[in-house]
Amino acid sequence: MNFTLGFEPPSAGSSGPGAGRGVVMENLEKQLICPVCLEIFSKPVVILPCQHNLCRKCANDIFQSANPLWQPRGSSSMALSGSRFRCPACRHEVVLDRHGVFGLQRNLLVENIIDLYRRQESSRLVDVKREQQQQRLMCEDHEDEKINIYCLSCQTPTCSMCKVFGKHKDCDVAPLSAVYVRQKAELSDGIALLVASNDHIQAVISQMEQVCHITEENGKRQREQLAHQFDVLVAILEERKQELVGLISKQQDDKLKRVRALIRRRSDELEAAVTLVESAIQTMEEPHMPLFIQSADVLLEKMAATDRASHLRRPQLGYESLSHLVVDTDELAVMLMNMDFCSGEGDDAEEDPEEAEESDLCSRY
């Protein structure tokens, strides 16, 4: 830029276009002061039930001092419910839930006003500084000439002499005040658009935070439902297992009872046969023929009866097998391994899950 700074400061009684606005901004600032820290509200700003506003940090400090036993969220200790403190502005008693100060609603309107105020205050200070500089800005090439026009071709402030005789004589120029008003209006419109955009973004963020909360609740509910369904299946399997195990035990006991009864009978027959053999051996030693013949007839009759008993039934081959008590669980195991969530009606099986999720999320907003 072709200008230099003069050395004479502006007079104390000078007035400019920002003087009246400065009073308005000063009055606005008084309305944005936190009654606790006596500073402009720091975000996030919470609104109490009595409609007074506090910085969240200040509200939390008051709450902590009034409720020293309260534990923050996520603590392993049990948090107090129904904790309370008094509004520092009106002394109205505020009762909070288990979330404490974090359960208070944010005042997005005040936060947006603070953003706008800070931008306007910054713009006002820049305007005041620019006005002061304009009173002192002198042309670099013409030291006695003030900067009063704007070169549209070179996009730089300059003086009238530069347009008439200097390097900007072939350029398009405009009054500096007109360019100032126009660009200030454009900047103000841009600020308004940004504030509106910020409001919209904040609303979308709040909606998405609500979506996150609902998603967490739905996930918890679905997990509990799924766990209950699997517990029911496990209970059914356990009950059925006990029934089938009982059936195996019953058939095993029946077979053992029959076989052990046969064992007892065969043991009695074997004991009788051993006794008969001993008697026959003693009879063989009898020297008197009449006595021998009498004893032999009795023994032969008993031997014939014993021989007939040896042909009694015995367990068939494979009687001990319980292989028929088998449950085929292969198909059931495959079915359990392939168990999955039921598909909703109208689902597109070929659609990319991530694209579908993003499309569904964005369609809500």
On a heavy-atom basis, which atom in [X] and which in [Y] lie closest, and how many Å separate them?
| X | Y | value |
| --- | --- | --- |
| Y150 | L176 | CB-CD1, 4.0 Å |
| C34 | F41 | CA-CE2, 3.5 Å |
| V94 | C87 | CG2-N, 4.4 Å |
| A280 | L299 | CA-CD1, 3.5 Å |
| T283 | A296 | CG2-N, 4.1 Å |
| C55 | S42 | SG-N, 3.2 Å |

Is the number of heavy atoms from other residues, nucleotides or ligands under 6.0 Å of [X] [atom1] greater than 12?
| X | atom1 | value |
| --- | --- | --- |
| F341 | CZ | no |
| E271 | CD | no |
| K57 | NZ | no |

Answer yes or no: is there an ion pair linking [X] with [Y], defined by an N-O contact shorter than 4.0 Å?
| X | Y | value |
| --- | --- | --- |
| D253 | K257 | no |
| R221 | E217 | no |
| K250 | D254 | yes |
| R106 | E111 | yes |

To the closest 0.5 Å, what do you measure between [atom1] ([X]) and [atom2] ([Y])?
| X | Y | atom1 | atom2 | answer |
| --- | --- | --- | --- | --- |
| C58 | I62 | SG | CD1 | 7.0 Å |
| I263 | L256 | CD1 | CG | 9.0 Å |
| Q225 | Q222 | CD | CD | 5.0 Å |

When you measure from the side chain of [X] to the backbone N and O of [Y], does any donor-acceptor pair fall under 3.5 Å?
| X | Y | value |
| --- | --- | --- |
| S206 | Q202 | yes |
| S188 | K184 | no |
| N218 | K220 | no |
| K167 | C162 | no |

Tell me whether [X] shares a hydrophobic cluster with [Y], the cluster being built from Ile, Leu, Val, Met, Phe, Trp, Tyr side chains joined at under 4.5 Å.
| X | Y | value |
| --- | --- | --- |
| L300 | V277 | no |
| L291 | V298 | no |
| L194 | L116 | no |

Under 3.5 Å, is there a donor-acceptor pair linking the side chains of E238 and Q242?
yes
Quick one: do D268 and R264 satisfy salt bridge (charged side-chain N to carboxylate O under 4.0 Å, His left out)? Show the steps, please.
CA-CA 6 Å; D268 294 342; R264 286 193 298 271; over 6 Å; no
